[in-house]
Amino acid sequence: MADGVRLAARLWLPWSADDAPVPALLEFIPYRKRDLTRLRDECNHAVFAQAGYASIRVDMRGSGDSEGHMADMFTDAELDDAIRVIEWIADQPWCNGHVGMFGQSWGGTASLLAACRAPPALKAIIACCATHNRFDDDIHHMGGCLLTDTVEWGAQLPAILASPPDPRTVGEGWRQMWLERLEGLTFPLETWITHEWRDDYWRRSSVTGTMHTISCPVLAVGGWADRYSNSVMSLVAGTGGDCWGIIGPWGHHYPFAGEPGPAMGFQQEAVRWWDHWLKGLDNGIDREPRLRVWRMEYQPPADRMTWRLGTWIAEDCWPSSRITPLVLALADGRLTDPPGGDRRPAGVPRDGRVGLASGDTGYFGRSGGLPLDQCADDALSLVFESHRLETPLDLLGEAVLDLDIECDASVATLALRLNDVPPEGGVARVSCAVRNLALDDEGVPLGTPERRRHCRIVFPATAYRFRAGHRIRLALSTSLWPQIWPSPTSAPVSIGTGEARLSLPRRAGDREADASVSFPPPLEPAGQSATVLAAASISRNTGRDAASGRLASGWTNAPATVRFHATGVTFESSTTCEHSIIPGDTNSGHSRAEHRLTFHRDTWSVAITSIAELTSTPTMFRPRGRLEVTENGETVLVRTWSPDIPRTCS
């Protein structure tokens with residue numbers, strides 16, 4: 001790097017690179033190429049090398065076998081490194097000067113940020129499950145509300161960064177490098193909680209305001225079961241350049257491992273992409289519809305779905321002229337054609353139990369954890385429902401609710417769920433939105449909010465078919481536990497019905513291009529470079545303490561153990577996440593996440609245990625952290641953090 005720090009990389013080269021330079025592909029993430037993502041890396045990079053690309057996987061500074069220190073996510077130093085790596089790759093004798101960049105989650109977002117800098121060698125990117133808006137569409141906040149997911153990530157990231165470099169890669173200086181890394185560790189959960197609204201901290205690492213500067217072609221890929229799916233449509237609409245989008249039914253995965261299915265052959269589609277933009281082959285990928293998405297339809301709610309009912313549809317451009325708003329009024333418990341009834345206030349129930357049917361809090365799209373039957377939550381909410389539909393209704397895009405609210409408190413929460421009610425059977429959630437009423441529509445504090453104020457709440461985008469005979473239901477509550485952290489007071493909130501309007505993005509009927517959308521199935525693994533000694537398995541639990549009334553929910557990801565043949569390392573990881581609250585007491589919430597990593601080879605063994613917890617008072621957030629590192633059973637480091645953070649607008 002420019003400051004002399006060395007980053008570690010793993011490089012796959014095609015045989016042809018010995019005789020003639022080839023285009024190169026970069027994946028730039030902090031997830032430890034030697035173990036944490038090794039098997040996933042091999043699924044992608046080996047295929048790309050076989051297709052004639054130099055494919056390189058780089059550990060960010062302060063992670064894996066790379067030198068340096070990582071203080072936080074998406075810093076200026078991280079982006080400077082990405083640009084330097086691209087330039088370095090372009091100068092190598094095996095590279096012809098054309099570079100593509102790709103990644104999933106952090107790596108996809110890093111690709112977008114690098115593309116905004118427009119380094120000359122960067123010719124195209126693929127961003128999978130990336131976020132374009134780190135305040136509203138990330139793991140930390142949604143609608144201005146603090147997500148409990150940030151506690152889980154607040155335990156995982158320190159554990160990853162505290163893990164040692166591999167002595168066999170780094171050499172005899174590995175221990176000093178590790179100790180310096182441990183010395184510089186921070187508690188990022190404190191930072192994420194401190195920034196309660198869309199300030200410069202979040203804007204700096206988001207591409208919402210700069211995506212128009214991206215000049216290279218972009219393929220944005222997402223999944224409806226992933227909280228980051230909003231980025232795909234936003235990028236196709238907002239880049240002003242060559243951007244294509246794919247959204248499947250899966251969660252926070254590369255699509256070849258996508259669940260719920262159908263998964264897609266990501267590597268084959270990626271090779272088509274790279275062949276056109278990096279090799280100049282006319283293979284028709286630039287003539288694909290700008291947006292290809294899986295349109296879901298009703299399916300009985302279940303914790304896990306291996307396959308999502310629906311079909312692929314396509315739009316040649318986005319926004320599309322085929323989308324027209326269906327506007328419904330909220331009046332007398334009904335969703336009706338405007339005009340609605342007379343304006344009258346309707347109180348939103350203040351029941352802290354709402355949210356337990358929303359499924360797993362984890363944003364990763366793990367196996368299972370999908371929203372459950374919404375009937376129990378709906379029974380505790382303010383509900384508006386349509387008549388039974390006479391014909392199917394297709395949605396594509398964002399639903400929007402415009403309404404006036406009345407609230408005496410400066411900080412309060414409104415949670416909205418758009419549900420599908422079949423003639424019989426479980427109620428399925430279609431989309432969910434939350435709003436911190438202390439912030440305006442742009443995520444900025446209102447100052448001293450007026451008692452009555454207007455809100456415009458935008459739901460996450462969706463593609464969904466309501467079948468004939470089904471009803472549309474809108475459910476409103478003042479809590480969504482344990483997905484979002486409760487407001488400091490349980491203030492009464494009422495909405496003005498009659499004038500409130502729900503606008504649904506109605507799509508015209510199926511078109512010929514829809515039937516043409518198809519993807520190859522995922523590739524079969526080429527070979528086993530590791531032995532899975534214990535596969536990951538998730539168990540979930542809910543309960544109630546009879547004495548205190550405290551509701552508890554959570555999940556445990558039992559240890560997954562893998563032995564890597566090439567490195568001789570046995571790697572194990574596990575996570576436990578617990579949430580509890582006393583309904584009616586908004587300041588009784590408690591979230592705790594524990595993440596554990598172990599590395600073992602011969603007589604050498606390292607264990608990392610990272611714990612993050614969160615409680616609050618009406619005026620303070622109280623995150624707590626503990627990190628313990630041992631080597632061969634001896635303590636190397638114990639670090640604790642206990643900041644108190646003033647609550648200003650959440």
**Student:** Is it true that a side-chain atom of Ser616 and a backbone atom of Asn587 form a donor plus acceptor pair closer than 3.5 Å?
**Tutor:** no
**Student:** Would a 4.5 Å heavy-atom cut-off, applied to side chains only, mark Asp138 and Tyr228 as touching?
**Tutor:**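 Contact flag for Asp138/Tyr228 side chains = yes.
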**Student:** Nearest heavy-atom pair of Pro488 and Val411: which atoms, and what distance?
**Tutor:** CD-CG1, 3.7 Å
**Student:** Looking at Asp137 and Arg227, is there a salt bridge between them, counting it only when a charged N and a carboxylate O are closer than 4.0 Å?
**Tutor:**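 Looking at Asp137 together with Arg227, the answer is no, because their closest N to O distance does not fall below 4.0 Å.
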**Student:** Using the side-chain hydrogen bond (donor to acceptor under 3.5 Å, both in side chains) definition, which of the options Arg322, Arg511, Arg287 pairs with Asp316?
**Tutor:**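 It is Arg511; the other options fail the test.
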**Student:** Looking at Trp485 and His590, what are the two nearest heavy atoms and their distance?
**Tutor:** CH2-N, 3.8 Å
**Student:** Could you walk me through whether Trp197 and His141 pass ring-ring contact (aromatic ring centres under 6.0 Å, His included), step by step?
**Tutor:** CA-CA 9 Å; Trp197 54 280; His141 298 83; over 10 Å; no
**Student:** Sub-3.5 Å donor-acceptor pair from the side chain of Asn230 to the main-chain atoms of Ala461, do we have one?
**Tutor:** yes
**Student:** When you measure from the side chain of His454 to the backbone of Leu403, do you find a donor-acceptor pair of N or O atoms at a distance under 3.5 Å?
**Tutor:** yes
**Student:** Is there a donor-acceptor contact under 3.5 Å from the side chain of Trp273 to the main chain of Ile125?
**Tutor:** yes
**Student:** Taking the side chain as every heavy atom from C-beta outward, state whether Glu196 and Phe621 have any atom pair closer than 4.5 Å.
**Tutor:** yes
**Student:** Is a side-chain donor-acceptor pair under 3.5 Å present for Ser553 with His579?
**Tutor:**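 Note: His579 and Ser553 side chains miss the donor-acceptor criterion.
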**Student:** Distance-only, no hydrogens or angles: does the Arg388 side chain make a donor-acceptor pair with backbone N or O of Gly469 under 3.5 Å?
**Tutor:**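 Yes; at least one donor-acceptor contact below 3.5 Å.
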**Student:** Could you tell me whether Asp408 and Arg451 have a side-chain N and a carboxylate O separated by less than 4.0 Å?
**Tutor:**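 Between Arg451 and Asp408 there is a salt bridge, with a charged N closer than 4.0 Å to a carboxylate O.
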**Student:** Any cation-pi pair here, Arg467 with Tyr298, using under 6.0 Å and within 45°?
**Tutor:** no
**Student:** State, yes or no, whether a side-chain contact exists between Thr148 and Leu614 at a heavy-atom distance under 4.5 Å.
**Tutor:**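 Sidechains of Leu614 and Thr148: no contact.
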**Student:** Can you tell me if Arg471 and Asn419 form a side-chain donor-acceptor pair at under 3.5 Å?
**Tutor:**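 Side-chain D/A pair, Arg471 to Asn419: absent.
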**Student:** Hey, what's the ring geometry for Trp153 with Trp106, parallel, tilted or perpendicular (30° and 60° as the breaks)?
**Tutor:**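 Answer is perpendicular, since the angle exceeds 60°.
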**Student:** Check whether any side-chain heavy atom of Gln299 sits under 4.5 Å from a side-chain heavy atom of Pro422, and report yes or no.
**Tutor:**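 When only atoms from C-beta onward are counted, Pro422 and Gln299 do not touch, as no gap falls below 4.5 Å.
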**Student:** Is the shortest side-chain heavy-atom distance between Pro260 and Leu370 below 4.5 Å?
**Tutor:**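 Heavy-atom side-chain distance check passes, below 4.5 Å.
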**Student:** Please check if the side chain of Arg295 supplies one atom and the backbone of Leu396 the other of a donor-acceptor pair under 3.5 Å.
**Tutor:**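 Answer holds: no.
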**Student:** Please identify which of these residues, Arg429, His470, Arg473, meets the side-chain hydrogen bond (donor to acceptor under 3.5 Å, both in side chains) condition with Asp420.
**Tutor:**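 The option that passes is His470.
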**Student:** Would you verify whether the NZ or CZ of Arg290 falls within 45 degrees of the ring axis of Trp244 while also being under 6.0 Å from that six-membered ring's centre?
**Tutor:**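 That pair qualifies as a cation-pi contact.
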**Student:** Side chains of Arg592 and Thr576: donor-acceptor distance under 3.5 Å anywhere?
**Tutor:**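 No.
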**Student:** Is the backbone of Ser229 close enough, under 3.5 Å, to the side chain of Asp226 for a donor and an acceptor to pair up by distance?
**Tutor:** no
**Student:** Could you measure the distance from the OG1 atom of Thr462 to the CE atom of Met233? Nearest 0.5 Å is fine.
**Tutor:**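 Output value for this atom pair is 8.0 Å.
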**Student:** Using only heavy-atom distances, determine whether the side chains of Arg435 and Thr413 contain a donor-acceptor pair under 3.5 Å.
**Tutor:** no
**Student:** Please check if atom CZ in Arg456 has more than 12 non-hydrogen atoms from other residues, nucleotides or ligands closer than 6.0 Å.
**Tutor:** no
**Student:** Among Val400, Leu401, Leu330, Val327, which residue meets the side-chain contact (heavy atoms from CB on, under 4.5 Å) test with Arg501?
**Tutor:**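 The option that passes is Val327.
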**Student:** Is there a ring-ring contact (aromatic ring centres under 6.0 Å, His included) between Trp312 and Phe519 once you walk through the steps?
**Tutor:** CA-CA 10 Å; Trp312 288 105; Phe519 296 98; 4.8 Å; yes
**Student:** Quick one about Ser205 and Arg134 (side-chain donor to acceptor, distance below 3.5 Å, no hydrogens or angles considered), yes or no?
**Tutor:**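 Yes, side-chain donor-acceptor contact under 3.5 Å.
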**Student:** Are the charged groups of Asp303 and Arg540 less than 4.0 angstrom apart, N to O?
**Tutor:**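 A salt bridge is present here (some side-chain N lies under 4.0 Å from a carboxylate O).
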**Student:** Hey, what do you get for CG (Leu414) to SG (Cys145), rounding to the nearest 0.5 Å?
**Tutor:**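 One gets 9.0 Å once the value is rounded to the nearest 0.5 Å.
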**Student:** Do Pro492 and Arg350 make a side-chain contact, defined as non-hydrogen atoms from C-beta onward lying under 4.5 Å apart?
**Tutor:**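 They are in side-chain contact.
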**Student:** Not counting sequence neighbours, which residues clear side-chain contact (heavy atoms from CB on, under 4.5 Å) with Ser539? List them please.
**Tutor:** Thr556
**Student:** Calculate, to the nearest 0.5 Å, the distance between atoms CG and CD1 belonging to Leu291 and Ile247 respectively.
**Tutor:** 5.5 Å
**Student:** Take Ser381 and Arg417 through the test side chain to side chain contact (heavy atoms under 4.5 Å, CB included) and record every step on the way to the result.
**Tutor:** CA-CA 10 Å; Ser381 305; Arg417 288 172 291 112; 3.0 Å; yes
**Student:** A side-chain contact here means heavy atoms from C-beta on lying under 4.5 Å apart; do Asp514 and Thr311 qualify?
**Tutor:**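 No, side chains not in contact.
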**Student:** Do Thr208 and His132 pair up side chain to side chain, a donor and an acceptor below 3.5 Å, judged on atom types alone?
**Tutor:**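 On atom types as modelled, these side chains do not qualify, holding no pair under 3.5 Å.
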**Student:** Which atoms form the tightest heavy-atom contact between Thr497 and Ala331, and what is the distance?
**Tutor:** CB-CA, 4.4 Å
**Student:** Take Leu551 and Leu356 through the test side chain to side chain contact (heavy atoms under 4.5 Å, CB included) and record every step on the way to the result.
**Tutor:** CA-CA 9 Å; Leu551 290 173; Leu356 292 178; 3.8 Å; yes
**Student:** May I ask you to decide if Ala257's main-chain N or O and Glu259's side chain share a donor-acceptor pair within less than 3.5 Å?
**Tutor:** no
**Student:** Please test Arg550 against Asp545 for salt bridge (charged side-chain N to carboxylate O under 4.0 Å, His left out), starting from the C-alpha separation and ending with a verdict.
**Tutor:** CA-CA 5 Å; Arg550 180 172 287 272; Asp545 181 76; over 6 Å; no
**Student:** Side chains of Pro262 and Trp294, heavy atoms from C-beta outward: is any pair under 4.5 Å?
**Tutor:** yes
**Student:** Any carboxylate oxygen within less than 4.0 angstrom of a Lys/Arg side-chain nitrogen, looking at Glu315 and Arg507?
**Tutor:** yes
**Student:** Would a distance-only check, ignoring hydrogens and angles, find a side-chain to backbone donor-acceptor pair under 3.5 Å from Arg198 to Glu442?
**Tutor:** yes
**Student:** Test side chain to side chain contact (heavy atoms under 4.5 Å, CB included) on Asp394 and Phe466; report intermediate values, then the result.
**Tutor:** CA-CA 6 Å; Asp394 287 354; Phe466 284 90; over 6 Å; no
**Student:** Tell me if a side-chain donor or acceptor on Asp199 pairs with a main-chain N or O of Tyr201 at a distance below 3.5 Å.
**Tutor:**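 Pair found, side chain donor or acceptor close to backbone of Tyr201.
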**Student:** Can you name the closest pair of heavy atoms from Cys432 and Leu480 and give their distance?
**Tutor:** SG-CD2, 3.6 Å
